[in-house]
Every structure is written in C-alpha cells, then in structure tokens.
Amino acid sequence: MSDFYLFNTLTRTKEKFEPLEPPRVRMYCCGPTVYDYAHIGNYRTFVFSDLLRRSLLLHGFKVLEVMNITDVDDRTIDGAAKKGLELSAYTGPYIEAFFEDLRQLRIRQAEHYPRATEHIAEIIALVRRLEERGIAYRSGDSVYYRIGGFKNYGRLSRLDSSGIQAGARVEADNYDKENVRDFVLWKGGRDESVAWDSPWGRGRPGWHVECSAMSMKYLGETFDLHCGGVDLTFPHHENEIAQSEGATGKPLARFWVHAEHLLVDGQKMSKSLGNFYTFRDLKQQGHSASAIRYLLLGTHYRSQLNFTTEALHAAASAVGRLRDFHERLKICSPPPGAREEPALWCAQAFREALEDDLSISQALSALFDFVREVNRLIDLRTLSAESRARALEELRLCDSVLDVLEPDREEDEEFVRGVEALIEERNQARRSRDFGRADNIRAELDTRGVVLEDSPQGTRWKRKG
RNA sequence: GGCGGCGUACCCAAGUGGCUAAGGGAGAGGUCUGCAAAACCUUUAUUCGGCGGUUCGAUUCCGCCCGCCGCCUCCA
C-alpha cells in the first residue's frame, strides 16, 4: 500500500501519516460555535475536514471522527440574553441549521458531535486533575492555567513569550492572573444564569478546556490527528495541548492539520465590509450546494481560498461537466467487438494525489484528463462494454471523495411529468418535421430552467446551471 | 515590532534546476447536429511580480525591492 502524507503544523513539514492503531484513524476536528448561522469560511474548514476524512477512507483507513459543538461561550450567552431565551433554546436552532448545512454540502457525519454543555462533569474532572498537578490555580472565583508549569507551551504555534507580549491585547480580567499569558479554565463568580456547580462555586468552562475534555473522552489521551482552521493554532490548540498534556503527561495528537482561511473578493470576510456570507445566503442567491462544495474543495487546504461569484460559476460549470460525463457514460451503448482500452484509469492517480497532503488540484487534473479521454473514445465509438464498466467504477471512486455527481435536489413528480409530457410532444413535432413547434417547446422548457439534449438514445433533460 | 504565507495566461489553479509550464472556467475558430445541448479537435503564458546573484542552464535555489494576505489571548 502506498503511503499517506500530511503537513504537520507541529513540525512544519510534510510527514508520513500512520495511525497509532492501524487501520483506524482517530481524528478530532474543532467544530462550530453555535451563536449564529455558520458562514462559508467555517464551511471551508469543514469541507476540508471532509476531504481529509474521505481521502483517509479512500486510502483504506477506517476513521473515528469527533467534532465538538461549542454551545456555551460569551457569544452564545450574550445572544441568548438579548433574545431573552434559555441558552439551549437559543443554540438549538443553530445546531439544527448546522447539521442541515452539512447534509446539503455533503460533509460526511462524524461519529460523535459532543456538546460542551453535556460534558461539564468531564471538564470539571480535567480541571481538578490539573489542579492536583499544580498546573491550575485558583484566583478569585476562577481557575487558571499556569503557563509556566508546562514547558512545551508555544511549541505548536512557535510563538515565544516576547512575541506574545509585544502584540498582546490585554484582557479585562488579567489582574486575576499570575501571568498575562495564563488562560482561564473555569470562569466563576459572574452571577450569570448560565452556570454550573463546581468545586470552585458556580461558573462555566473556559473555551479551550471543552476540547481537551471531550477529545479525551471519545478518542483517548493520545490520538492520531487534530484539525481546524489556522486561526485556532493560537491560542486554542496551543492551550488544548497544554491542558491535555499537562494532565496526562502524554502527547495529545500526533498530527495537527490546519486549513487556511477563505477570503471573499480578496479580503477577509467581515460584516462591516459587506462580504459576509452564510451558506444559506448563497443558496438564496441561486447557487447550488454542489457548486459551493466544489469551490471550497478545489483549492489546496493550506492556501487561502479567494471566494468570488465568478469562481462559483466556474465551479458550477466544472460540476456540470462531470455530471454530463457521468450521464453520457451511463447511457452510451458500446459497439460490439470494441477493444478494451488498457489506459483507461484515473482513480489511482487521483488517490495518490490526495495521499500527497491532499493535492486536490493534481487529483482533479487526473480526473479531467480521464474525462476527456473517455469522452473521445465514446465519440469514436471504440469504447468497449468492459471499458465502460471500468470507467464508471473509476468515476465512482473519485466521486467517493468529491461527492458532486448526485443532483442537488429531488425532482418533484409533478414537475417531471410536465417536462416529460412536453418532451414527448416535441418529439412528435420533430418526427413530423414541425421544427417551429419543436423549438417553441424547447424555449418553453428553457423558461422552466430545463435544458434538452437530443441524442441517438433519445432526449435527455437536465436543470440549467 | 515579532512570526509566517503568497504573487504563474482574461479568471481560478498545479508544478518543475534543463524534456510540449497540468487541470478547470471564460473567449475564438472548427467537427457533429433540423436547431440546440453535450462531446471532440485547434487556439489564448518564448513565459512564471521587479531587479540582481549562484549555475553550462532558474519560473524553480539565494539576496534585495514592490504588492497582497494571515497570526501574535476566545476569530474557521
């Protein structure tokens, strides 16, 4: 079997990836904070983790994936307070919306989606463990992590203390801490409605600690890989390492993999610039989920991805090309006696590209070379039945990662009957050489968003765009 | 101030110390078609931000400059 390589943020090099207990890969991905609808920048990261997951599967690994749902933090608490809702009543709809977006974007489900609010006991246990080791200390009503007690602090992000201090924004409550760089594990004494009992009084968990507690619960003290957006490298992942390794004395994850940011029209997405989009916004503008998926998938994960309307249209066209090819391959009738084409493969090159640090451009290049070649053979009518079957299998393998071939929506029966009735009427007109009538029907269907394709095998139709 | 990334055709985007600088989109011409669509063929970078250097040879390595972007305590 070939090897699988990934760029490891810990070493800043591309390394051979091997799980601790092959073939099972245990991975943890930082998920959403459910204070609002997730935006396309978030989905860039989640599509990346989906690509990683599917590439691991294509390679032959088994995957156990955990993605956390952060349902308690300042933003969710503020949001709930503003609307006068209980925290869970506020976050619930956003959690549902998140899963619906994942479904439409065809991001495969992780095995577990633990929520912070459902793991308070585990979080408290972890903080106690850190206390016992002398790494956590109490100050006021809160508990903090003592950076000085963990010698590897800064190893992942490669930020030294001077760098951190030079650019530091000063936190409002830093006077509670022994050192500005210390971070909070348990926030107490805020007299908020959102609080749990703990050995330190009522309070709530700090941001980073949930991931340490939950990854440990579902994946063990050491697992294979941890991924998320680049901005999480510091402080979130650095702090996760400090918490987990501080408590266990064992490495947290062997590989850290980070997805670069998405830009919109060349700039960081922000509400003030007016270039802030949720997945729902884009759907509303008429863009298909598969085009969005393809666009998010198509740029290497360690490069910034510039999201533009033009690129979205290009992605839609590329998906259309693959789908047209798939349909054409399914219906083409191989002539008897055609020779098997030995050169007809692409899945291996596709897979090998992905095994090389998810080189998606190379993978797509191999796929499209294949599409052109097979189309050519179909045109020449030299594609054998065996080659056709193999080509379909090759395409299926590639699509097990891309997942863009299936149509985005279920057609409702009434619409389909209407379209098919008009197609039949048009074909009668064509048989009687009434081309004016035939063209009128084509135009009518066009206004309904339907494009026709006449072929020796009959008339096919598809949705425009 | 510290750390890091990027700049390849009209757009997106791979890649390599020298063999025709992938692939997708868009445009142009052609084949096919009643018309279309799809598909195929041809075509669009003697050139890889600029200037130097190393080298027989650099887009690829080194230096400087210009431009863009990110991180440096709660942002994917």
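Per chain, numbering begins at 1; letters A, B, ... match sequence-line order. Nothing here was measured: the structure is a model prediction, and the numbers come from that model.
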Looking across every strand, which nucleic acid part, if any, lies under 4.0 Å from [X] by heavy atom: base, sugar-phosphate, or nothing?
X	answer
A:T299	sugar-phosphate
A:I378	nothing
A:S303	sugar-phosphate
A:N375	sugar-phosphate
A:L232	sugar-phosphate

Side-chain donor-acceptor pair present, [X], [Y], cut-off under 3.5 Å:
X	Y	answer
A:D182	A:Y137	yes
A:S142	A:W200	no
A:N179	A:R146	no

Tell me which nucleotide among [options] gets nearest to the side chain of [X].
X	options	answer
A:H300	B:A14, B:A38, B:C40	B:A14
A:F234	B:U73, B:G34, B:A38	B:U73
A:A438	B:A76, B:G34, B:A39	B:G34
A:E453	B:A37, B:C35, B:C40	B:A37
A:P235	B:U73, B:C40, B:G2	B:U73
A:L263	B:A76, B:A37, B:C69	B:C69
A:H261	B:G34, B:A76, B:A39	B:A76
A:Q304	B:A76, B:G70, B:A14	B:G70

Under 3.5 Å, which N/O atoms of the protein pair with N/O atoms of nucleotides 22-27 of chain B?
| unit_1 | atom_1 | unit_2 | atom_2 | d |
| --- | --- | --- | --- | --- |
| B:A22 | O2' | A:S365 | OG | 3.4 |
| B:A22 | N3 | A:S365 | OG | 3.3 |
| B:G23 | OP1 | A:R372 | NH2 | 3.4 |
| B:G23 | O4' | A:S365 | OG | 3.0 |
| B:G25 | O3' | A:S317 | OG | 3.4 |

In whole Å, what is the span from the [atom1] atom of [X] to the [atom2] atom of [N]?
X	N	atom1	atom2	value
A:L262	B:A76	CG	P	13 Å
A:Y35	B:C74	OH	P	13 Å
A:N275	B:C69	CG	P	12 Å
A:I441	B:A37	CD1	P	19 Å
A:I360	B:G15	CD1	P	13 Å
A:H208	B:U73	NE2	P	11 Å
A:D101	B:A76	CG	C1'	14 Å
A:L102	B:A76	CG	P	15 Å

Which value, in whole Å, describes the distance between the [atom1] atoms of nucleotides [N] and [M]?
N	M	atom1	result
B:C74	B:C69	C1'	22 Å
B:G7	B:U44	P	24 Å
B:U59	B:G53	C1'	16 Å
B:C41	B:A22	P	15 Å
B:C19	B:G24	C1'	25 Å
B:G15	B:C61	P	12 Å
B:C12	B:G27	C1'	15 Å
B:A26	B:C10	C1'	7 Å

Which residue in the set A:D73, A:D74, A:D141 passes salt bridge (Lys or Arg N to Asp or Glu O under 4.0 Å) when paired with A:R204?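 Only one option passes, and that is A:D74.
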Mapping A:G228 and A:K268 to their closest nucleotides on RNA chain B, which lands nearer the 5' end?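 It is A:K268, whose closest nucleotide lies nearer the 5' terminus.
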Find which nucleotide of RNA chain B each of A:F435 and A:L305 is nearest to by heavy atoms, and output the residue with the more 5' nucleotide.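 Going by which nucleotide is closer to the 5' end, it is A:L305.
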Tell me if the side-chain of [X] makes a donor-acceptor pair with the base of [N], cut-off 3.5 Å, by modelled atom types.
X	N	value
A:R442	B:C35	yes
A:D231	B:G70	no
A:D379	B:C32	no
A:R430	B:G34	yes

Is there a Watson-Crick or G-U wobble partner for [N] with both distances under 3.5 Å, and which nucleotide is it?
N	result
B:C48	none
B:U16	none
B:A58	none
B:A28	B:U42
B:G34	none
B:G70	B:C3
B:A21	none

May I ask you to say whether A:R106 pairs ionically with A:D50, meaning some side-chain N is under 4.0 Å from a carboxylate O?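 Judged by the 4.0 Å cut-off on N to carboxylate O distance, A:R106 and A:D50 do not form a salt bridge.
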Looking at A:K462 and A:D324, is any side-chain nitrogen of the basic one under 4.0 Å from a carboxylate oxygen of the acidic one?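 Here A:D324 pairs with A:K462 in a salt bridge, since their nearest N and O are under 4.0 Å apart.
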Are any of [X]'s side-chain N or O atoms less than 4.0 Å away from OP1 or OP2 of [N]?
X	N	result
A:R426	B:G34	no
A:R12	B:C3	no
A:T233	B:G4	no

With a 6.0 Å cut-off on the ring centroids, do A:Y94 and A:Y35 count as close?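 So the answer is no for these two rings.
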Please find the pair of heavy atoms, one from A:H208 and one from A:E240, that lie closest to each other, and give the distance.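 Taking every non-hydrogen atom into account, O-CG, 3.9 Å.
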Heavy atoms from other residues, nucleotides or ligands near CD of A:E406 exceed 12 (cutoff 6.0 Å):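 Atom CD in A:E406 is not crowded, with 12 or fewer foreign heavy atoms closer than 6.0 Å.
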Heavy-atom neighbours of A:R12 CZ exceed 12 at 6.0 Å: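 More than 12 within 6.0 Å, yes.
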Does A:N68 reach the main-chain N or O of A:G31 with its side chain, forming a donor-acceptor pair under 3.5 Å?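 Flag set: sc A:N68 to bb A:G31 pair under 3.5 Å.
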Between A:F368 and A:Y294, how do the two ring planes meet: parallel, tilted or perpendicular, split at 30° and 60°?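 Perpendicular, since the angle between the ring planes exceeds 60°.
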